[in-house]
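Keep in mind that what you see is a predicted model, and the values were worked out from it rather than measured.
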Amino acid sequence: MSTESSSESKYTLRFPFQIVPERKIPKIDKPVTQKYGKLTFLLKQDDPFYIFEIEGFHSEKAAREYLNNLWIGLMWVMLNNGMAFNANMVFDTVVYSEDPYKAAENIAKNFGLSNKGRGKVDGLANGNMPIVYPSGKIVRTITMTGTVTIGLNVHQIYGLLFDGLSSFSDSQVNIDQKLKTALELFNAHFYEQSSSSKFLTLIMALETLTTNQVKHEVAIYLIDQWCLQVVQQKEQFKSDTDEYAALESLERELLVRKETSLRRKIKAVVYNTLSLNGNPDASRFAQRAVKIYDSRSTLVHDGYLPPNELQRALSEAKEITELVLKMKLREAYTKVKHG
């Protein structure tokens, strides 16, 4: 098969998505069509996906650009009705056939399908991903299961399971709530759809493990002096005034400033956990943790990280968080065993 472009005047955007398992869109046994401006929306179900097929675009570029509009629209549905969704936002390329009738026969043969009444197939694409194609073309999609072979056979899984049970259950390990939450967040990152959300979830897991630490006494002295000045200023205003509210807010901020920054807390939890467990690279890992936290700050404040930087930060965040959690879990076991 070969990829071709078409000069057809109208294009179709096909967008598959999944919603959270506990939700279902009712009355969709048959495709439901609605007009919206110059576009025609068709919504149908093809387990495990719901699929929008939107016709009426004047160019392939316009259809591709509309994906962002559709995503925002679905976000609005989610915010107003709780219908969370998962979707791949990367376009697949339709592979067109030189002989549509022969292609239909081959697809039927290779996938064990009946070709009766199918006629021809102009192109083939991944049913899990968005695609754009000329509206006059017949494009078949192959939907993948979305599962990935994890590289472990059942005996290896049992081996790891029993290793965990024998390592941690004999002394009734009592995992504190912070570690439990961090482990849950690490587990949750595997279910996130985008690299950005995976990365931020991993950083949240590290944040959960941090503890409050006060600044150096020199800094604390200055903050106490500033707090005293704020208290004196507050006495000049009534409690229901804007001035009083502003000063009270400033006082709370100053009290928070007695603690070290979250950036330093992240560095400390990585360094302390690794060094206490005899890891000779504790300092190096702590410095890497600071860098990925800086990447987190850029992503949160700017909303964007270059793809290469994001992938690097995600890989390092996973490595560091996984290592820290393993050691934290063994710490919990050791405390109970020797407690």
Side-chain angles (χ1 to χ4, degrees), residues 8-28 30-94 125-135 137 139 141 143-144 146 185 188-204 295-311 313-314:
E8 297 276 350
S9 59
K10 296 295 182 182
Y11 287 80
T12 297
L13 167 63
R14 183 185 188 276
F15 179 72
F17 65 98
Q18 294 174 288
I19 62 176
V20 288
E22 61 269 20
R23 303 299 295 272
K24 183 179 181 180
I25 302 176
K27 298 180 180 179
I28 198 170
K30 296 186 296 184
V32 179
T33 302
Q34 291 281 340
K35 291 284 290 185
Y36 178 73
K38 296 181 179 181
L39 300 175
T40 301
F41 282 66
L42 181 146
L43 177 61
K44 62 183 180 180
Q45 187 172 5
D46 186 9
D47 284 334
F49 293 100
Y50 291 94
I51 299 166
F52 274 117
E53 291 183 353
I54 308 171
E55 297 183 351
F57 297 100
H58 62 83
S59 69
E60 181 176 351
K61 181 175 183 289
R64 286 175 172 266
E65 290 177 347
Y66 197 77
L67 182 62
N68 186 59
N69 300 59
L70 184 58
W71 183 85
I72 293 172
L74 285 171
M75 280 293 176
W76 187 246
V77 174
M78 182 271 293
L79 290 171
N80 285 276
N81 196 42
M83 192 191 80
F85 69 96
N86 293 325
N88 194 325
M89 299 297 289
V90 178
F91 281 95
D92 191 29
T93 300
V94 179
N126 185 342
N128 303 52
M129 301 169 68
I131 58 171
V132 173
Y133 58 92
S135 298
K137 298 289 186 181
V139 175
T141 58
T143 301
M144 309 302 175
L185 284 167
H189 101 274
F190 289 102
Y191 293 90
E192 296 293 340
Q193 294 298 303
S194 70
S195 295
S196 295
S197 57
K198 287 178 184 287
F199 174 55
L200 292 176
T201 304
L202 288 170
I203 298 298
M204 287 171 60
S295 296
R296 170 262 180 204
S297 298
T298 301
L299 180 59
V300 168
H301 296 129
D302 297 346
Y304 175 78
L305 273 178
N308 289 343
E309 183 177 345
L310 177 59
Q311 290 305 315
L314 173 59

**OP:** Using the test side chain to side chain contact (heavy atoms under 4.5 Å, CB included), find all partners of Pro306 that sit at least two apart in sequence or belong to another chain.
**Re:**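 By the side chain to side chain contact (heavy atoms under 4.5 Å, CB included) rule, Pro306 matches Tyr304, Glu309.
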
**OP:** Please list, chain by chain and in numerical order, all residues satisfying side chain to side chain contact (heavy atoms under 4.5 Å, CB included) with Leu200, sequence neighbours excluded.
**Re:** Arg296, Leu299, Val300

Original post:
Going from CG on Leu42 to CD on Gln34, what distance comes out if it is rounded to the nearest 0.5 angstrom?
Top reply: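 If I round to the nearest 0.5 Å, the distance is 10.5 Å.
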
With sequence neighbours excluded, what pairs up with [X] under the side chain to side chain donor-acceptor pair (under 3.5 Å) test?
X	answer
Thr201	none
Ser196	none
Asn69	none
Lys35	Thr40

Original post:
Are Glu53 and Lys44 close enough for a salt bridge, meaning some N to O gap below 4.0 Å?
Top reply: yes

**OP:** Might you confirm whether atom OH of Tyr36 has over 12 heavy atoms from other residues, nucleotides or ligands at distances under 6.0 Å?
**Re:**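 At most 12 heavy atoms, drawn from other residues, nucleotides or ligands, come within 6.0 Å of this atom.
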
Original post:
Listed by chain and number, what are the ring pair (Phe, Tyr, Trp, His ring centres under 6.0 Å) partners of Phe57, not counting sequence neighbours?
Top reply: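 With sequence neighbours excluded, Phe57 shows a ring pair (Phe, Tyr, Trp, His ring centres under 6.0 Å) to Tyr66, given in chain and number order.
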
Original post:
Which residue, Leu310, Leu305, Ile203, forms the side-chain contact (heavy atoms from CB on, under 4.5 Å) with Ser295?
Top reply: Leu305

Original post:
In this structure, which one of Ile131, Asn128, Ile51, Thr141 forms a side-chain contact (heavy atoms from CB on, under 4.5 Å) with Pro16?
Top reply: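 Testing Pro16 for a side-chain contact (heavy atoms from CB on, under 4.5 Å) against Ile131, Asn128, Ile51, Thr141 leaves exactly one candidate, Ile51.
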
**OP:** Apply salt bridge (Lys or Arg N to Asp or Glu O under 4.0 Å) to Glu65 and list each qualifying residue two or more places apart in sequence or on a separate chain.
**Re:** Lys61

Show the atom names and distances, to 0.1 Å, of all donor-acceptor pairs under 3.5 Å that link a side chain in residues 82-92 to residues at least two apart or in another chain.
| unit_1 | atom_1 | unit_2 | atom_2 | d |
| --- | --- | --- | --- | --- |
| Asn88 | OD1 | Val90 | N | 2.9 |
| Asp92 | OD2 | Asn126 | N | 2.8 |

**OP:** Side-chain contact test, heavy atoms from C-beta onward, threshold under 4.5 Å: evaluate it for Phe52 versus Phe17 and give yes or no.
**Re:** yes

